[in-house]
Structure formats: structure tokens, C-alpha cells
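Read the structure below first, then the notes.
Each ligand, and each atom within it, is numbered from 1 in the order the structure gives.
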Amino acid sequence: MGYKLISTWKMSFHKMSEAKRMLKIKYSLQEIIEAVIMDVEDNPDFHSVGYGGLPNNEGEVELDAGYMDGDSLAFGAVSAVKNIRNPILVASSLTKGKTNNHLTGKGAEKYAKENGFKTRRMLTGKAKEKYLDKVKENSHDTVCVIGKDLNGSMAVGVSTSGLFMKHPGRVGDSPIIGSGFYCDSQIGGVAATGIGEDIMRGCLSISTVNYMRQGLNAQQACEKALFTYLERVNNEPEAISLIALDAKGNYGACSTLADFPFVILDENNEARLMVYLGNEKRIVEADQKWLANYKGD
Ligand code: GLY
């Protein structure tokens with residue numbers, strides 16, 4: 001079975017399309033996941049992740065990230081960190097300890113500085129302008145990447161700046177194991193994007209993994225987890241999307257949105273931009289017409 005990768009949103013396509021090259025020069029699964037996420041974290045044009053992310057209600061950018069190794073089930077996460085250039089690298093480094101795997105706020109920043117992770121002032125002029133104008137922006141798009149290498153090892157990484165105008169200290173689903181991400185190489189991996197509070201109420205990543213554990217494939221498990229939860233909460237959540245990859249290498253995606261773009265690596269290791277059409281409950285490949293009409297990241 002070939003190498004597998006799946007990631008959220010069109011914004012991840014740029015680096016996913018370099019996966020073939022990264023594989024040729026023998027990047028590990030962790031390095032590929034980190035590279036795809038860092039590419040989005042470092043891009044100031046994406047206002048929901050990393051540098052250029054939109055700030056909290058006090059004008060400060062607070063970032064969340066998580067990483068999980070599906071072989072050992074080790075996880076690492078940081079939440080509400082300020083001025084750390086690549087939160088995903090800090091999160092993945094925290095998988096190494098037996099304890100202290102999720103660090104938050106000042107403690108996480110202290111750890112990052114002590115361990116030589118790069119710092120950067122994360123608020124860009126453009127993000128500050130939006131903050132001052134209080135422009136209402138749909139900004140809860142987490143970059144998530146799940147992968148499976150040729151040995152069957154799986155891993156997942158996620159990174160976000162969370163909700164625009166959130167309360168300082170607010171933590172969403174992304175750095176919370178079981179809600180924003182989960183991965184077990186024997187079963188599969190899942191990651192979520194959307195309104196964190198809605199995702200956490202349903203612990204949607206572990207819920208989806210558990211459906212795969214019962215024998216559903218990645219697509220069936222995403223649908224079962226999301227639709228069962230939506231029924232329970234009277235279809236109230238407006239923005240939840242899931243991606244999944246099962247241990248057999250099947251991809252899955254599901255969303256409450258009319259259009260949820262995600263990226264997969266095909267059998268030739270080429271990146272393909274796909275779209276889950278929420279109104280029609282089906283997946284199509286993005287074509288020129290769709291790309292011309294799509295305004296999001
Ligand atoms: N899903 C990202 C957040 O709500 O913070």
C-alpha cells in the first residue's frame with residue numbers, strides 16, 4: 001500500500017503538492033506533517049493559523065497546536081501561546097515526555113524559549129487592521145494533516161489561531177486530544193476543524209476513531225460520527241468538518257459546510273484538491289469552475 005496523506009483546506013495544497021519531492025529525499029512522516037503545517041503557519045495571508053492569524057479580543061494572537069504519534073499513542077499540545085513562530089514544532093516535541101504533554105500559556109512559552117524554538121511577533125499589520133475594524137471574519141479554520149507511511153505508521157498534526165475575538169485564554173478543540181485530533185496506527189487517524197466548542201461537546205475525533213474501531217471505513221466513520229452528533233444537538237452547529245484516514249489507507253471527509261475543501265495524496269503521490277459538498281453529501285474533485293467561485297482558504 002502506498003504513502004497516504006490527507007489535509008484540511010485549500011491552504012494546505014501548496015505544501016502537499018511538494019510531498020512527492022519530500023518523500024524522494026526521505027522526509028519522515030513527522031517531518032512531512034510538520035512541513036505542511038509550518039507552510040501554513042508561516043503564511044501571513046491565512047488568517048486562522050500562525051503568523052497573520054487573527055487576534056483575541058485584546059488584540060493578541062494566541063495559538064493552539066497538537067500532534068499525535070499513532071504507533072506509541074504519544075501526544076503533545078500547546079494552547080494559548082503567544083509569539084511562538086511554529087506551534088506545531090513545540091507540540092510535536094512534547095510527545096517525547098511521559099508527562100507534561102500539553103502545556104498552555106506562559107508555561108508553554110517558557111518551554112519553547114528554553115528549548116530554542118523560534119519566536120516571532122505574530123500579529124501582522126493586516127490582522128491588526130481587521131481587529132481595529134472588528135471585521136466579522138469566518139476564522140476558525142484549522143490546518144490538520146494525517147499521514148500513514150509505507151511501514152503503516154500513522155500520525156496527525158493540527159495548528160490554529162482559533163476564533164477571532166476570542167476571550168484571552170480561550171482554548172478550542174485543536175490542542176485537545178480526542179476532540180481536535182486522535183491517531184492510532186492500528187485503527188486510523190482523525191482531525192477536526194470548525195467551531196471548537198461544538199467539536200469538543202461531541203469529542204468528535206475519538207468518536208470517529210471509535211467508529212473505525214468497530215469496522216467502519218474512514219468515510220463511513222466520519223459520516224456516522226458527525227451526523228449522529230448533529231442529530232443529538234438538533235443540527236445546531238454550523239461549522240464542523242472532519243478528515244480521516246483509516247489503517248487500511250482509505251480517506252474520509254465530512255462537513256456541515258456547503259463546500260469543505262481538503263487535499264489528498266493520490267496513488268502517484270500527487271496532491272489532489274477535493275471538496276466535500278455538504279448539501280449533496282458527496283465528494284468531488286475541485287475543478288476550475290469550483291476554484292473560480294471559492295473565496296475561502
Ligand atoms: N477549531 C479551532 C478552534 O475553534 O479554536
Side-chain angles (χ1 to χ4, degrees), residues 6-12 37 40-41 46-58 60-68 75 77-82 84 87-88 90-91 102-105 108 122-123 127 130-131 136-146 156-183 189-208 222 225-226 229-230 233 236-244 253-257 260-262 276 278 296-297:
I6 180 168
S7 60
T8 52
W9 306 109
K10 185 168 148 274
M11 61 190 174
S12 64
I37 292 178
V40 179
E41 287 180 334
F46 300 134
H47 293 300
S48 56
V49 179
Y51 181 58
L54 292 177
N56 65 19
N57 65 16
E58 291 181 348
E60 293 196 275
V61 182
E62 286 187 343
L63 304 163
D64 300 335
Y67 186 89
M68 185 163 184
F75 75 98
V78 289
S79 50
V81 289
K82 293 177 196 158
I84 300 299
I88 186 62
V90 187
H102 182 158
L103 298 180
T104 194
M122 300 302 271
L123 184 66
K130 285 181 187 282
Y131 168 72
K136 232 182 165 314
E137 176 145 331
N138 186 10
S139 174
H140 46 259
D141 299 343
T142 308
V143 60
C144 309
V145 186
I146 313 168
V156 58
V158 302
S159 181
T160 186
S161 54
L163 287 180
F164 180 32
M165 302 297 284
K166 64 188 174 186
H167 194 286
R170 176 265 185 192
V171 174
D173 61 301
S174 302
I176 306 296
I177 183 171
S179 282
F181 64 96
Y182 198 85
C183 188
V190 179
T193 172
I195 302 286
E197 287 73 4
D198 286 332
I199 295 164
M200 287 188 280
R201 285 198 290 160
C203 295
L204 287 177
S205 289
I206 189 66
S207 163
T208 308
C222 285
L226 184 57
Y229 173 62
L230 288 175
V233 293
E236 180 198 297
E238 287 170 14
I240 300 179
S241 305
L242 299 172
I243 56 168
C254 194
S255 180
T256 58
L257 303 175
F260 167 54
F262 61 99
Y276 181 86
D297 292 336

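- Considering only heavy atoms from C-beta on, Y131 stays 4.5 Å or farther from L54 through its side chain.
- Against a heavy-atom cut-off of under 4.0 Å, D173 is close to the following atoms of ligand 1: 1 (N), 2 (C), 3 (C), 4 (O).
- The distance from ligand 1 to the heavy atoms of G172 drops below 4.0 Å at these ligand atoms: 5 (O).
- Near T142, meaning under 4.0 Å from one of its heavy atoms, ligand 1 places the atoms 1 (N), 2 (C).
- Ligand 1 places these atoms under 4.0 Å from at least one heavy atom of S174: 1 (N), 2 (C).
- Below 3.5 Å of separation, one finds no N or O of E197 facing any N or O of ligand 1.
- Checked by distance only, ligand 1 and G194 come closer than 3.5 Å through their nitrogen or oxygen atoms.
- Contact between S174 and T160 at its shortest, heavy atoms only, is OG-CG2, 3.3 Å.
- At distances below 3.5 Å, not a single donor-acceptor pair connects side-chain atoms of H167 with backbone N or O atoms of N57.
- Residue contacts with ligand 1 for R170 involve side-chain atoms from C-beta outward but no N, CA, C or O (heavy atoms, distance under 4.0 Å).
- With contacts defined as side-chain heavy-atom distances shorter than 4.5 Å, the pair P237/L230 qualifies.
- Note on ring orientation: taking the six-membered ring where Trp is involved, the planes of F75 and F181 are tilted (angle from 30° to 60°).
- Taking any N or O of G196, backbone or side chain, at least one lies under 3.5 Å from an N or O belonging to ligand 1.
- Put simply, the side chain of C203 reaches to within 4.5 Å of the side chain of S179, judged on heavy atoms.
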